[in-house]
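Have a look at the structure below before the remarks.
Note on naming: letters A, B, ... go to the chains in the order of the sequence lines (proteins, then strands), and numbering restarts at 1 for each one. Hydrogens, waters and symmetry mates are skipped; everything else that's a heavy atom, side chains included, is used.
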4 protein chains.
Amino acid sequence: MTGNSFGTLFRFTSFGESHGKAIGCVVEGVPAQIPLDVSEIQTALDRRKPGQSRFTTQRNESDTVQILSGVFNGLTTGTPIGLLIENQDARSSDYTEIAQKFRPAHADLPYFLKYGNRDYRGGGRASARETALRVAAGAIAYKVLRHFLKTPFEITAGLIRLGNEKISAWESDEINRNAFFCPDAAALPRFERLLEQTLKNGDSVGAVIEIRANGFPPGLGEPVYDKLDADLAKALMSINAVKGVEIGDGFSAAALTGRQNADEIFADPSSANGIRFNSNHAGGILGGLSTGQPIIARIAVKPTPSIAAPLHTLTTDKTETIIQTKGRHDPCVGIRAVPVAEAMTACVLADHLLRLRAQYHL
Amino acid sequence: MTGNSFGTLFRFTSFGESHGKAIGCVVEGVPAQIPLDVSEIQTALDRRKPGQSRFTTQRNESDTVQILSGVFNGLTTGTPIGLLIENQDARSSDYTEIAQKFRPAHADLPYFLKYGNRDYRGGGRASARETALRVAAGAIAYKVLRHFLKTPFEITAGLIRLGNEKISAWESDEINRNAFFCPDAAALPRFERLLEQTLKNGDSVGAVIEIRANGFPPGLGEPVYDKLDADLAKALMSINAVKGVEIGDGFSAAALTGRQNADEIFADPSSANGIRFNSNHAGGILGGLSTGQPIIARIAVKPTPSIAAPLHTLTTDKTETIIQTKGRHDPCVGIRAVPVAEAMTACVLADHLLRLRAQYHL
Amino acid sequence: MTGNSFGTLFRFTSFGESHGKAIGCVVEGVPAQIPLDVSEIQTALDRRKPGQSRFTTQRNESDTVQILSGVFNGLTTGTPIGLLIENQDARSSDYTEIAQKFRPAHADLPYFLKYGNRDYRGGGRASARETALRVAAGAIAYKVLRHFLKTPFEITAGLIRLGNEKISAWESDEINRNAFFCPDAAALPRFERLLEQTLKNGDSVGAVIEIRANGFPPGLGEPVYDKLDADLAKALMSINAVKGVEIGDGFSAAALTGRQNADEIFADPSSANGIRFNSNHAGGILGGLSTGQPIIARIAVKPTPSIAAPLHTLTTDKTETIIQTKGRHDPCVGIRAVPVAEAMTACVLADHLLRLRAQYHL
Amino acid sequence: MTGNSFGTLFRFTSFGESHGKAIGCVVEGVPAQIPLDVSEIQTALDRRKPGQSRFTTQRNESDTVQILSGVFNGLTTGTPIGLLIENQDARSSDYTEIAQKFRPAHADLPYFLKYGNRDYRGGGRASARETALRVAAGAIAYKVLRHFLKTPFEITAGLIRLGNEKISAWESDEINRNAFFCPDAAALPRFERLLEQTLKNGDSVGAVIEIRANGFPPGLGEPVYDKLDADLAKALMSINAVKGVEIGDGFSAAALTGRQNADEIFADPSSANGIRFNSNHAGGILGGLSTGQPIIARIAVKPTPSIAAPLHTLTTDKTETIIQTKGRHDPCVGIRAVPVAEAMTACVLADHLLRLRAQYHL
């Protein structure tokens with residue numbers, strides 16, 4: 001109710017600030033008897049970890065996760081899984097300026113107006129550090145999906161746009177081979193050039209991420225307010241710096257006619273449910289329910305607000321001043337948001353799979 | 001939990017299908033002692049009502065709402081407000097074909113795959129008829145906002161794009177003067193021509209709606225999963241046919257640099273909290289909290305899936321066939337979605353206002 | 001969140017006051033394809049209906065329930081079931097005095113202090129009339145249980161104590177043969193004499209109800225805060241006039257030693273899970289989970305607060321006065337609470353059955 | 001939803017097993033700017049700590065709590081408060097027998113039947129160790145109440161019955177002076193004798209606890225399913241070993257007439273709201289709302305199920321056997337349940353205070 005839990009049946013509740021003692025979360029809804037090793041969560045976290053290339057913050061967060069409960073002798077017990085990540089690189093001195101000034105385009109000002117007392121070190125609760133917990137929960141969501149789904153599935157996110165540079169091909173295997181999580185190797189030189197220039201300018205840049213979930217059964221989603229796309233929209237929009245969410249053709253659908261947008265339906269004895277669509281404008285979701293087609297979503301990520309360039313702002317006593325953020329920051333938060341988007345999608349799908357199971361056989 | 005409730009403290013729970021006996025909802029969280037007359041809800045419903053121009057369905061729904069509870073002697077009592085709208089124009093004969101065939105791009109198929117037994121008349125629960133209840137709840141949300149906010153506010157939605165035709169000016173007063181809820185009078189002839197042609201083609205067209213909420217205090221929203229923008233995204237994406245949601249610059253933010261995107265902050269003794277921003281790329285929301293600036297959102301609405309043109313599809317026994325929807329349908333569902341988007345925004349804001357009040361003074 | 005919904009996956013949300021236009025509820029979580037006829041709900045309601053003997057209120061409520069949605073061609077559709085009961089016998093004149101005076105031991109005073117504006121006719125929202133909706137929801141919960149449980153089960157409630165008169169035997173079949181829902185025919189003359197005398201005195205009397213649920217599988221309940229007994233306690237304590245809830249030996253367990261209280265466990269190849277207990281002090285629940293034994297609960301119902309005898313009270317402007325309630329009231333609300341307790345138990349069990357199914361096979 | 005969270009606006013979510021690495025919880029809904037020192041939580045925990053007398057388990061749990069988040073420079077920040085207690089005295093060897101045998105009257109069997117895989121060490125998640133987190137959350141709830149209530153209030157629980165021995169006077173100050181949390185010094189010798197004898201018998205004994213909350217405003221509680229008494233009943237019944245909950249006269253109310261049970265109302269200019277009741281049979285709650293009178297509840301706690309005396313049971317492969325629990329166990333779990341009951345009451349009251357604030361001024 002107070003905003004620190006996500007999901008209904010598959011659910012995680014998180015706590016922690018960027019530079020406090022630790023961050024952590026409680027993951028609920030995981031059935032008993034699922035093999036779970038901490039290394040599976042750590043592997044997911046390592047993908048998101050800072051400092052992996054010169055294009056992500058050089059902050060040295062080891063991000064070592066511990067399982068505190070809910071797993072016994074290598075198997076889940078059905079009780080809540082407590083996860084803890086201690087904060088280690090709390091170089092608070094970098095952030096003293098933020099204590100007195102509001103960074104434009106950042107959560108600083110509204111937090112101050114709402115709470116009065118905020119932990120300003122490194123963004124506090126509003127820091128992207130919290131997204132590590134989303135990734136950890138997503139790794140467990142993936143295990144829950146694997147436990148129940150009998151056929152292959154995959155959830156993949158990739159960076160499809162950086163500033164004005166776009167990809168022209170999607171090759172899933174490519175995503176984990178480069179520092180951008182970009183599915184198009186041909187786009188990498190352009191992406192690199194753009195980021196080099198951005199860094200040189202003391203600036204940052206926005207991005208677009210696409211998420212694809214293949215192999216999911218039809219019927220996931222609860223009409224009419226907890227539609228699958230509605231829950232995905234909330235999950236993805238809740239990620240730091242996200243300003244837009246699309247399903248399928250998204251905003252392009254506004255320019256289509258009904259005839260163009262119709263994903264016509266044909267018989268296909270070779271498919272799981274005997275059905276084939278000739279297109280997927282819908283992004284795999286109709287009426288709020290998955291159709292069995294690939295589920296496609298895209299999110300827009302704004303440029304990192306903390307930049308080296310000088311910006312007008314106020315001090316906490318409302319005097320005009322100039323701010324130049326000197327801490328170590330990603331020139332594009334969109335890059336590290338890729339595994340986070342993937343994780344949130346896994347959480348939503350795991351939640352709706354459990355909700356489906358409550359009433360229907362899979 | 002099963003998807004028929006929206007909101008937490010300001011909350012409505014709905015029931016009803018397109019051609020059943022009635023639709024209705026239960027609105028909770030309304031404080032006692034608020035003057036409420038059924039005509040206030042009816043006025044809101046009348047804006048959304050079909051048959052108001054040749055561009056919306058000619059179905060003759062009187063949409064007469066009754067208040068069944070929660071109001072006594074003209075004042076709310078603090079108990080749940082039960083609303084009922086009887087279905088009157090249930091010309092089921094128009095829909096017999098749908099019972100046997102799946103309309104492409106419609107909820108027919110996934111409902112059938114999930115539930116087996118669906119009320120296929122007029123789309124059943126997936127029909128846009130349900131959105132009447134969102135509008136009714138929104139009218140009450142508006143009263144709750146009015147009850148608590150001491151300063152003027154307004155929530156306005158307008159059709160800013162129809163297919164490829166866009167507006168070039170926003171004049172709030174214009175919105176209620178035309179059948180398109182369009183804020184730009186100059187765009188009307190182009191909108192009309194496009195819809196005439198679309199009707200002639202037996203086709204439909206998509207649209208984009210912008211929602212503006214002015215006069216709201218900072219601090220609305222609950223970090224980190226119930227962010228104001230996350231809850232808006234869910235609210236808006238849950239509306240029938242919506243495929244995309246943007247806050248502020250939305251997808252355009254992906255193309256900006258951090259410098260361009262920064263809404264710089266200045267002192268302004270004449271403003272309520274002494275603060276002025278030089279721009280509003282953020283759409284009034286930072287870190288999931290309202291900033292006090294106008295809250296701006298946009299949604300993409302896909303073209304009406306039910307069209308007169310022939311489309312390939314399957315029968316319920318999975319035989320290939322052709323479908324041509326003959327019922328009375330809107331050539332652009334986006335038009336009637338305008339008051340729905342406005343209503344859902346009011347509901348989200350009322351909910352977060354109550355959530356804020358629980359812990360802080362306004 | 002605002003208290004008008006009960007349950008999580010099997011869930012109902014109600015509205016309506018004693019003397020408004022209608023009361024109703026929305027029942028969610030019912031799987032599709034379950035045969036459901038309105039007569040099944042009506043039959044349940046008729047058991048609770050007033051005016052069935054001289055010992056229950058002579059108010060002539062026909063309590064005719066309508067299904068407004070969620071059922072199509074005799075089968076549930078998986079969408080919310082809207083139920084409506086119109087209020088017919090709204091003899092408001094009986095209640096004018098209550099508008100000005102607070103009935104002691106009644107909700108009048110705290111409602112007035114909290115809401116200021118209350119619908120005082122017949123108790124408004126606090127009236128036991130609302131319990132009709134619990135009974136209606138319970139009838140549907142029963143259908144859900146029947147849909148999923150493959151083996152016989154039953155939920156039975158009986159009046160085991162009236163004032164100081166107690167039963168000495170439990171014969172389930174007897175319960176529906178008398179106006180007291182009493183499982184012991186031998187107790188009836190004593191119960192009748194006590195109520196005759198109570199009526200003569202213009203007074204009322206309290207009661208104890210026992211609920212027995214047999215045939216339920218082990219594992220229902222969610223540790224540690226949504227234990228099955230915790231949810232039963234909430235469900236039963238939320239019924240009007242209930243002041244105590246016990247599970248199994250309840251308060252008597254306080255006087256036992258661990259040895260006496262131990263339900264020892266033996267092997268029993270003839271039982272479903274190969275287990276036999278030599279006693280059931282636990283009332284079928286251990287650690288918040290059902291054990292497979294009969295689930296036993298008891299509730300204490302206070303005497304009807306509205307009595308003919310004169311009592312000291314205040315007027316709404318806080319002047320001391322005397323009140324004598326002249327309306328038609330049950331001398332023992334405990335009697336009509338029997339089917340309500342049974343219904344709430346069915347709702348809790350259906351909810352936990354769905355919750356169990358979400359993660360485990362039954 | 002999966003049972004590890006308690007409350008709505010004031011809410012805590014817990015994790016952890018008796019002998020895992022740590023237990024912890026996330027406390028949400030705490031307003032910013034409240035002074036909070038870890039010692040305030042530790043003090044509350046120390047009251048509940050084992051090993052404080054020869055009548056509670058000699059297990060050496062240091063129960064040192066850490067605040068991991070949500071507090072900055074001594075003040076709450078409005079973000080979730082993460083609490084952690086490391087498990088130190090994990091002498092697992094004491095529990096090897098439990099791995100193979102089900103303790104009668106304990107959660108062992110239903111956990112095994114439901115989850116298959118349970119952490120059997122020390123009762124795992126079903127262990128009373130989890131109640132430390134309730135006490136910690138309760139200490140924070142108390143701070144929230146103190147923050148918002150302008151007038152004095154107190155929440156006190158006391159042991160009023162041990163087996164068949166009862167108190168005959170309630171002296172709040174006495175409660176913290178003895179090892180029983182007993183409000184009647186005169187009862188102590190009888191309580192001690194009974195426990196000595198019980199220990200000698202290798203047995204255990206049940207208890208009754210009374211909770212009194214004074215100084216709370218009227219209007220707390222949400223009709224009709226989240227009544228204050230319904231939420232208290234759930235909160236208290238969810239505590240380990242509790243088998244019954246009463247409000248006010250509770251089960252005794254069943255024996256009263258309406259005239260006896262009526263708490264008559266008088267004018268009293270000296271009281272806060274001008275009202276005086278001549279009695280408090282209702283326990284301060286009518287129609288689910290607090291009346292302003294002292295809120296009174298009682299709970300029955302069954303005897304500790306783990307006893308030294310031999311009991312018939314089964315092994316996990318369903319062979320009949322005998323079990324004698326040799327671990328260190330409280331002869332009466334009711335004693336240490338006293339601060340837990342107090343804490344849960346504080347949590348319920350803090351939650352309903354926030355819920356009231358959302359819509360009304362205090």
**Study point:** Per-residue contact mode, D/Ile67 against chain A (heavy atom under 4.5 angstrom)
**Key:** backbone

Study note, to complete from the structure: Heaviest contributor of heavy-atom pairs below 4.5 Å to chain A, chosen from D/Gln33, D/Glu86, D/Lys114, is D/Gln33

**Study point:** Pick from D/Ile81, D/Leu84, D/Thr76 with the largest number of heavy-atom pairs that fall under 4.5 Å of chain A
**Key:** D/Thr76

Review point. A/Ala32 and D/Asn117: which non-hydrogen atoms are nearest, and at how many Å?
Key: CB-O, 4.5 Å

Review point. Which atom pair, heavy atoms only, marks the closest approach of A/Thr77 to D/Asp119?
Key: CG2-N, 4.1 Å

Check your understanding: Which value, rounded to the nearest 0.5 Å, describes the distance between D/Tyr120 atom OH and A/Asn73 atom CG?
Key -> 5.5 Å

Check your understanding: Any side-chain heavy atom of D/Glu17 sitting closer than 4.5 Å to one from A/Phe72?
Key -> no

**Study point:** Heavy-atom closest pair, residues A/Glu28 and D/Ser5
**Key:** OE2-OG, 4.0 Å

Practice item. Please report the closest heavy-atom contact between D/Thr2 and A/Leu9, naming both atoms and the distance. Key: CG2-O, 3.2 Å

Exercise for review: Mind checking the CG-CG spacing from D/Leu68 to A/Asn87? Nearest 0.5 Å is all I need.
Suggested key: 9.5 Å

Review point. Can you tell me how far OH of A/Tyr115 sits from CG of D/Leu75, rounded to the nearest 0.5 angstrom?
Key: 15.0 Å

Exercise for review: Kindly give the heavy-atom pair with the smallest separation between D/Ser14 and A/Pro80, and that separation in Å.
Suggested key: O-CG, 3.5 Å

Point to revise | Residue pair A/Phe15 / D/Ser69: nearest heavy atoms and the distance that separates them | key: CD1-OG, 3.3 Å

